[in-house]
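Notes for the one structure printed next.
Not measured: the values here are computed from a predicted model. Below, all heavy atoms of this structure are taken into account, side chains as well, without hydrogens, waters or symmetry copies. Letters A, B, ... mirror the listed sequences (proteins, then strands); counts begin at 1.
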2 protein chains.
Amino acid sequence: MLKVDLQMIENERAKFLRHLAKAGRRVSHGREIIFDEVMRSHGHFTAEELVKECLQKKLKVSRPTVFRVLNDLLEAGIIRETAFGDKHRHFEHVYDEKPHHHAQCIRCHNFIEFPDRKEDKIYHQYLEKQGFKILGHEMHFYGICKDCQLKEV
Amino acid sequence: MLKVDLQMIENERAKFLRHLAKAGRRVSHGREIIFDEVMRSHGHFTAEELVKECLQKKLKVSRPTVFRVLNDLLEAGIIRETAFGDKHRHFEHVYDEKPHHHAQCIRCHNFIEFPDRKEDKIYHQYLEKQGFKILGHEMHFYGICKDCQLKEV
DNA sequence: TTAGCATATGAGATACTGTATCATTAAGAA
DNA sequence: TTCTTAATGATACAGTATCTCATATGCTAA
Ligand SMILES: [Zn+2]
Ligand SMILES: [Zn+2]
Ligand SMILES: [Zn+2]
Ligand SMILES: [Zn+2]
């Protein structure tokens, strides 16, 4: 989960600028605005949420630019895309995070994170025995969070 | 994984007919065609694949009907929906299957299945301690399958 | 400062998956 | 065969993401 940490934000900004410089891209208005907005967001977010936030705040960025900068941030290793069973693109911050999985509440759609355990290795062995080269894995629990259970009738 | 098994298909067809009768629905042309097409498909499939298959074979069914019958088959317990990190609806057959997870090849998009192990329980304990009520979970590995590794340059 | 070029951007079109509407067709009972 | 009702397809639509391309902007070199 994201703690506000100005030093970290500056580190990430430096990383972003280095990436842009190396790729011969410019530090444009859109990239600065959206970088700031992403850094302000906590935990997980979707592309749509970010677009809506920018429109509400009347930031001078368009929908395609949001998606373009999200791709820049992915390339720069500042955010990571996480797959879920819906039609939205989900992202989360990379910094200061240990490998973890997600549990999502089907009512409020919030996430709980839990650390990756080496017990998953038993599956690795099984797959590797079949010649499958593992590049990654995600575990996704779904259910009802504590708060939403309390709200139940 | 699906073995062609005529007896099983007849069992599933009977189950489908029972379900339709109980719900007061008709055994229509579209339902028969799409049931057959689903039974012909092996393993996992998406709604889009099924639609394309029907169009290619010039079967007399429309896109909305494919989706409607998929919902019928879900209700009847003949197929089950599985969530993946893309924007497609994924389905698989229910019969003769034990709880399992999926590994998907990023090249050919085929699936390998592996059985669910009780080692996942360690995550259950963690989440339940936080008051999260678990309704289900999926584990999704991605990587490169044996065949695609052999095809590499 | 200015000119010139390459990149970034936004408006709008487009792709793609999935649903909703509704007039028409067809299943199944009598 | 007739009648009632469910099923269907054509079409429009919703929602997310991407593409196109003319224009705007940042950057570099005079
Ligand atoms: Zn909740
Ligand atoms: Zn996370
Ligand atoms: Zn493969
Ligand atoms: Zn499966």
Open item on the list: With the threshold set at under 4.0 Å for non-hydrogen atoms, list the residues of residues 20-36 of chain A touching DNA chain D in residue-number order.
Closed with: A:R26
For a quick test of your reading: what N or O donor-acceptor pairs under 3.5 Å do the side chains of residues 52-62 of chain B make, sequence neighbours left out?
{"from": "B:K57", "atom 1": "NZ", "to": "B:E37", "atom 2": "OE2", "distance (Å)": "2.7"}
{"from": "B:S62", "atom 1": "OG", "to": "B:T65", "atom 2": "OG1", "distance (Å)": "3.3"}

Open item on the list: I want to check something: taking the side chain as every heavy atom from C-beta on, are B:L74 and B:I79 in contact at a cut-off of under 4.5 Å?
Closed with: yes
Task: Net bend of the helix from C:dT1-D:dA30 to C:dA30-D:dT1, end axes of five pairs each, nearest 10 degrees - done: 20°
Open item on the list: From NZ of A:K60 over to C1' of C:dG10, roughly how many Å is that when rounded to an integer?
Closed with: 12 Å
Task: Qualifying residue, where the test is side-chain hydrogen bond (donor to acceptor under 3.5 Å, both in side chains) with A:H44 and the options are A:H102, A:H109, A:H93, A:H90 - done: A:H102
Task: Heavy-atom donor-acceptor pair, A:R31 side chain to A:V69 backbone, under 3.5 Å - done: no
Task: Donor-acceptor pair, side chain of A:E92 and main chain of A:T82, under 3.5 angstrom - done: no
TODO: Indicate whether OP1 or OP2 belonging to D:dG9 is found under 4.0 Å from a side-chain N or O atom of B:T65.
DONE: yes
- [ ] Send over the distance from B:L70 CG to C:dT17 C1', rounded to a whole Å.
- [x] 13 Å
Open item on the list: Under 4.0 Å, counting only non-hydrogen atoms across every strand here, what does B:V61 touch: a base, just sugar-phosphate, or nothing?
Closed with: sugar-phosphate
Open item on the list: Any non-hydrogen side-chain atom of B:D72 less than 4.5 Å from a side-chain atom of B:F35?
Closed with: no
Donor-acceptor pairs under 3.5 Å, side chain of residues 137-147 of chain B to any protein atom, not counting sequence neighbours: which ones?
{"from": "B:H137", "atom 1": "NE2", "to": "B:D120", "atom 2": "OD2", "distance (Å)": "2.9"}
{"from": "B:E138", "atom 1": "OE1", "to": "B:A83", "atom 2": "N", "distance (Å)": "3.3"}
{"from": "B:E138", "atom 1": "OE2", "to": "B:A83", "atom 2": "N", "distance (Å)": "3.4"}

Task: With sequence neighbours excluded, residues passing side chain to side chain contact (heavy atoms under 4.5 Å, CB included) with B:R63 - done: B:E48, B:V51, B:F67
Nucleotide N/O to protein N/O under 3.5 Å, stretch nucleotides 16-22 of chain D:
{"from": "D:dT16", "atom 1": "OP1", "to": "A:H88", "atom 2": "NE2", "distance (Å)": "3.4"}
{"from": "D:dT16", "atom 1": "O3'", "to": "A:K87", "atom 2": "O", "distance (Å)": "3.3"}
{"from": "D:dA17", "atom 1": "OP1", "to": "A:R89", "atom 2": "N", "distance (Å)": "2.5"}
{"from": "D:dA17", "atom 1": "OP2", "to": "A:E48", "atom 2": "OE2", "distance (Å)": "3.2"}
{"from": "D:dT18", "atom 1": "OP1", "to": "A:R89", "atom 2": "NH1", "distance (Å)": "3.4"}
{"from": "D:dT18", "atom 1": "OP2", "to": "A:R89", "atom 2": "NH1", "distance (Å)": "3.3"}

Task: Mutual orientation of the aromatic rings belonging to A:F114 and B:Y126 [parallel < 30°, tilted 30-60°, perpendicular > 60°] - done: tilted
Open item on the list: Go through it in stages, so that I can follow the logic: the residues are B:Q7 and B:N11, the test is side chain to side chain donor-acceptor pair (under 3.5 Å), and I'd like the CA-CA distance, side-chain angles, deciding distance and then a yes or no.
Closed with: CA-CA 6 Å; B:Q7 183 54 55; B:N11 293 343; 3.1 Å; yes
